[in-house]
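Beneath this line is the structure, given in structure tokens, with notes to follow.
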Amino acid sequence: MDFEFTEEQRMAIDGARRFAQEKLAPAVAELDEKGEVNLKALKELGGLGYLGMTVAEEDGGSALGAVAYAGSMIEFSKVDAGCAVAVSVQNSLVNDAVAHFGTPAQRKRFLPKLASGEWIGCFSLTEAGAGSDPASMRTTAKRQDGGFVLNGTKNFTTNGGIADAIIVFTRSEAPPGGKPGISAFLLTKDAPGFKVGKHENKMGIRTSSTTEMVFEDCRLPADALLGEEGKGLKVALATLDGGRIGIASQAVGIAEGALEEAVRYAKERVQFGKPIAELEGLQFMLADMATEVEVAKTMLFRVAWMKDAGKPRFTKEAAMLKLYASEMAHRVCHKAVQVHGGYGFMKEYKVERLYRDQRITEIYEGTSEIQRYVIARSILGA
Ligand code: CAA
């Protein structure tokens, strides 16, 4: 067992920290206020290899691996959690799905452009009536003229408004001799009959784009199918195992950012004639926060290591990690605001944004309740 980063991993994480400080930090407060994406920075991250971290070099990626990705995600999330989720969706949900389920032609067409940041990708699974239960989705794909015609509306799609490449999941007809099911498709934003719908106005991660995706008689060729017809739910759920590592690293980054702010503030803020960091009540709070961040971080790098080691399945571990890291981040951000007192409630203080940004980590890519369900059925062998 080796708890040291390799030289390459360390360099990637240090580079992410520098990028976050130099390129994300100066813009994040204003973009958060306006609800706008830092697309310029996101594209730059592509040029630096951070949008293709688990993509093989022969497919145009930087192949730095899941551990380097998780460590870099922590650094981006500390500063701009909205930008971080865009990085996470690109790496974990889009690139990984194309790499694992794509045909050689799909990999060749999509991966180099995604890994370089020329294209931004999104993963459109959720619908208004199908969130925790994606199997109940209503968007359809009907076979027509040797291809498919898609109809329906997806919602809450991260990166929706900035996406060039789209993975969408639909209910599909039974193929000849087969059963009906869910199918995944890979398309570009210029597909006829596709348009971006409503842009959401969110509580947190306001520097990310979240939209509806509207398909009205959207015609796709047969080779737009991603993976086997009718087996799309497997594509979604297997991909989400990796996605949950990304969201857990986002939660760890937000929590670590909040802890650092709380420590700094506690040393500066004087009450009762001394810095509040000298009060035992505050010290115990900070000690609990630091311990919880460390536990989640250790777990994060272990699950990321499992992915890098090519373990065939880490569903239970990814669910445990995402559950713990997101709920830990909730507790840590709550305490960080408390340490700041009234100032923590004010927008001038970074913890106010981290507190809002944290909340979604307990909801997207599977709510805490869904993670508990996945863990329970795994340990019960159900
Ligand atoms: N890996 C590979 N295959 C898997 C799998 C996994 N982790 N989990 C399930 N499967 C397979 C099953 O074996 C099954 O295959 P067969 O049809 O061949 O038997 C198939 O996938 C369907 O699995 P289930 O029968 O278990 O499916 P279910 O309908 O009972 O759902 C669930 C299970 C755990 C509740 C699942 O629906 C779930 O995880 N829900 C949460 C949805 C979610 O996370 N949404 C996130 C949206 S994307 C997002 O949030 C991105 C963003 O914005 C940042």
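Numbers here simply count residues along the sequence, with the first being 1. Only a predicted model underlies this, so the values are computations on that prediction, with no experimental measurement involved. Just so you know, ligand 1 is whichever comes first in the structure, and atom 1 is the first atom listed for that ligand.
At a 4.0 Å heavy-atom cut-off, ligand 1 touches Leu240 through the side chain alone. Of the heavy atoms in Arg244, only side-chain atoms (C-beta onward) come closer than 4.0 Å to ligand 1. Only the side chain of Asp241 comes within 4.0 Å of ligand 1, counting heavy atoms alone; its backbone N, CA, C and O stay farther away. At a heavy-atom cutoff of 4.0 Å, ligand 1 is contacted by no atom of Thr210, backbone or side chain. Within the 4.0 Å heavy-atom criterion, the part of Val89 lying near ligand 1 is the side chain and not the backbone. Counting heavy atoms under 4.0 Å from ligand 1, residue Ser132 touches it through the backbone alone.
Backbone and side-chain nitrogen or oxygen atoms of Gly366 are examined, and one is located within less than 3.5 angstrom of a nitrogen or oxygen of ligand 1. Where the criterion is an N or O separation shorter than 3.5 Å, residue side chain and backbone included, Tyr373 fails it with respect to ligand 1. Checking only distances, Thr126 never comes within under 3.5 Å of ligand 1, N or O to N or O. Geometrically, ligand 1 and Arg377 share a nitrogen or oxygen pair separated by less than 3.5 Å. Looking at Asp133 next to ligand 1, no N or O pair under 3.5 Å apart turns up.
Within a 4.0 Å radius of atom 44 (O) of ligand 1, the protein has at least one heavy atom. Inside a 4.0 Å radius of atom 36 (C) of ligand 1 there is at least one protein heavy atom. Using a 4.0 Å threshold on non-hydrogen atoms, atom 11 (C) of ligand 1 counts as touching the protein. There is a protein heavy atom less than 4.0 angstrom from atom 21 (O) of ligand 1. Per-atom contact check: atom 28 (P) of ligand 1 does not touch the protein, criterion being a heavy-atom distance below 4.0 Å.
Ser172 and Ser183 are linked by a side-chain donor-acceptor pair at a separation below 3.5 angstrom, with hydrogens and angles left out of the test. Counting only N and O atoms by type, the side chains of Asp241 and Thr315 include a donor and acceptor under 3.5 Å apart. Side chains of Tyr69 and Ser92: a donor-acceptor N/O pair is present below 3.5 angstrom, by distance only. With hydrogens and angles left out, the side-chain atoms of Thr211 and Lys198 include no donor and acceptor closer than 3.5 Å.
The distance from ligand 1 to the heavy atoms of Pro134 drops below 4.0 Å at these ligand atoms: 37 (O), 40 (N), 42 (C). Close contacts of ligand 1 with Leu233, meaning ligand atoms under 4.0 Å from a residue heavy atom, involve 22 (C). Taking every heavy atom of Ile370 and a limit of under 4.0 angstrom, the matching atoms of ligand 1 come to 35 (C), 38 (C), 39 (O), 40 (N), 41 (C).
Of the listed options Lys322, Lys231, Glu365, Arg313, Arg313 places a heavy atom closest to atom 8 (N) of ligand 1. Closest heavy-atom approach to atom 53 (O) of ligand 1 among the candidates Leu125, Thr367, Thr158: Thr158.
Residue contact annotation: Leu93 has a non-hydrogen atom under 4.0 Å from ligand 1. Contact analysis puts Gly131 in contact with ligand 1, with a non-hydrogen atom separation below 4.0 angstrom.
Given atom 2 (C) of ligand 1, the protein heavy atom at minimum distance is Ala238 CB, 3.6 Å. Closest protein heavy atom to atom 18 (O) of ligand 1: Lys234 NZ, 3.3 Å. Leu237 CD1, 3.4 Å is the protein heavy atom nearest to atom 9 (C) of ligand 1. Protein heavy atom in closest approach to atom 34 (C) of ligand 1: Val374 CG2, 3.6 Å.
No side-chain heavy atom of Leu114 sits under 4.5 Å from any side-chain heavy atom of Leu51. In this structure the side chain of Asn38 never reaches within 4.5 angstrom of the side chain of Thr207, judged on heavy atoms.
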Criterion side chain to side chain contact (heavy atoms under 4.5 Å, CB included) on Glu348 and Tyr343, from CA distance to verdict: CA-CA 8 Å; Glu348 294 99 283; Tyr343 291 105; over 6 Å; no
From CA spacing to verdict: side-chain hydrogen bond (donor to acceptor under 3.5 Å, both in side chains), Tyr364, Thr126: CA-CA 10 Å; Tyr364 60 16; Thr126 301; over 6 Å; no
Steps toward side chain to side chain contact (heavy atoms under 4.5 Å, CB included) verdict (His199, Glu212): CA-CA 7 Å; His199 289 247; Glu212 278 182 348; over 6 Å; no
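Arg331 forms a cation-pi arrangement with Tyr324, by the criterion of a distance under 6.0 Å to the ring centre and an angle within 45° of the ring axis.
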Output side-chain donor-acceptor pairs under 3.5 Å for residues 19-28, partner residues at least two apart or in another chain, one line each.
{"residue": "Lys23", "atom": "NZ", "partner": "Glu44", "partner atom": "OE1", "Å": "2.8"}

Below 3.5 Å, can you tabulate the donor-acceptor pairs from side chains in residues 52-60 to any protein atom, sequence neighbours excluded?
{"residue": "Thr54", "atom": "OG1", "partner": "Asp96", "partner atom": "OD1", "Å": "2.8"}
{"residue": "Asp59", "atom": "OD2", "partner": "Arg107", "partner atom": "NH2", "Å": "2.7"}

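Screening Thr158, Ile166, Asp164, Ile162 against Cys122 for a side chain to side chain contact (heavy atoms under 4.5 Å, CB included) leaves a single residue, Ile166. Ser368 pairs in a side chain to side chain contact (heavy atoms under 4.5 Å, CB included) with only one of the listed residues (Lys322, His330, Glu362), which is Glu362.
Of all heavy-atom pairs between Gln9 and Thr6, the closest is OE1-N, 2.8 Å.
Put simply, the side chain of Glu256 never gets that close to the backbone of Gly253: no donor and acceptor are under 3.5 Å apart.
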